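Report on the structure given below.
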Amino acid sequence: MNKRELAKAVAVQADVDLRTVSTVLEGFTDVVTAVVSQGEPVAITGFAKFVKVDRPARWGRNPATGETIRIKASKKARITPVKAFKDAVMSPSGAPRLKRGAFPTNDEAVRAAGKSAAAAAPASRATAKKTTAKKTAKRTTAKRTTARKTAARKTARKAPAKRAPARKTAARKTTRKAPARKATRRR
């Protein structure tokens, strides 16, 4: 499952718009990355723990030659799954139930995500007036743009097409290739 598929599944499961979920996932990865890079651990209860680990310098062995070498100190990212997550993975019956269409993702369920919550909320008269005003404004601007386009088309039809002047080209010499010889077999 990649990031886009994850966003679709979360949108269906949480009944939230896909754009909102994508934005939240971007924000989540940005915040976790920034906080962990500063050295602060991030623990999500029931899921995982993100930590920056400082590894000290040490001695190692080159496997090809057997020579002892010095390995530099380094910093690594460590993501550790929490016990509840491990238990859910080991016994799928303990994993949370997903809504229909969350996984595998169903395109109809993704399109419907977030719309049921918006439709259930009652709209006030002020917001209804604003939306109708916006719709009429869009219609008038659409009419204006179509009128401009048709006027532009009419003027374009009236103007004759300009042709480029014909160029004189020098006659090319044609060279004739010699016919290919057949390979003969010598005995």
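Hydrogens, waters and symmetry mates play no part in the numbers below; they use all other heavy atoms, side chains included. Treat the numbers as computed from the prediction; the structure is a model and nothing was measured.
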Hydrophobic cluster of Val53, others only, ordered by chain and residue number, side-chain cut-off 4.5 Å: Val51
Can you give the donor-acceptor pairs under 3.5 Å from side chains of residues 74-90 to other protein atoms, not counting sequence neighbours?
unit_1 : atom_1 : unit_2 : atom_2 : d
Lys83  : NZ     : Asp87  : OD2    : 2.9

All pairs passing ring pair (Phe, Tyr, Trp, His ring centres under 6.0 Å) where residues 7-35 contributes a residue, at least two apart: none
Value rounded to 0.5 Å, distance of CE in Met1 from CG in Leu6: 6.0 Å
Listed partners of Thr65 passing side chain to side chain donor-acceptor pair (under 3.5 Å), at least two apart: Asn62
Nearest-0.5 Å distance that lies between atom CZ in Arg4 and atom OG in Ser22: 7.0 Å
Name the atoms and distances for all side-chain donor-acceptor pairs under 3.5 Å in residues 29-49, with sequence neighbours left out.
unit_1 : atom_1 : unit_2 : atom_2 : d
Thr29  : OG1    : Leu25  : O      : 3.2
Thr29  : OG1    : Glu26  : O      : 2.9
Thr33  : OG1    : Thr29  : O      : 2.6
Ser37  : OG     : Thr33  : O      : 3.2
Ser37  : OG     : Ala34  : O      : 2.8

Check: Val16 main-chain N/O paired with Thr20 side-chain donor or acceptor under 3.5 Å: no
Listed once per pair and sorted, the salt bridge (charged side-chain N to carboxylate O under 4.0 Å, His left out) pairs that draw on residues 61-71, sequence neighbours left out: none
Arg19: partners by side chain to side chain contact (heavy atoms under 4.5 Å, CB included), with sequence neighbours left out: Asp17
Whichever hydrophobic residues join Trp59 through chains of side-chain contacts under 4.5 Å: none
Sequence-distant partners of Asp54, side chain to side chain donor-acceptor pair (under 3.5 Å), two or more places apart: none
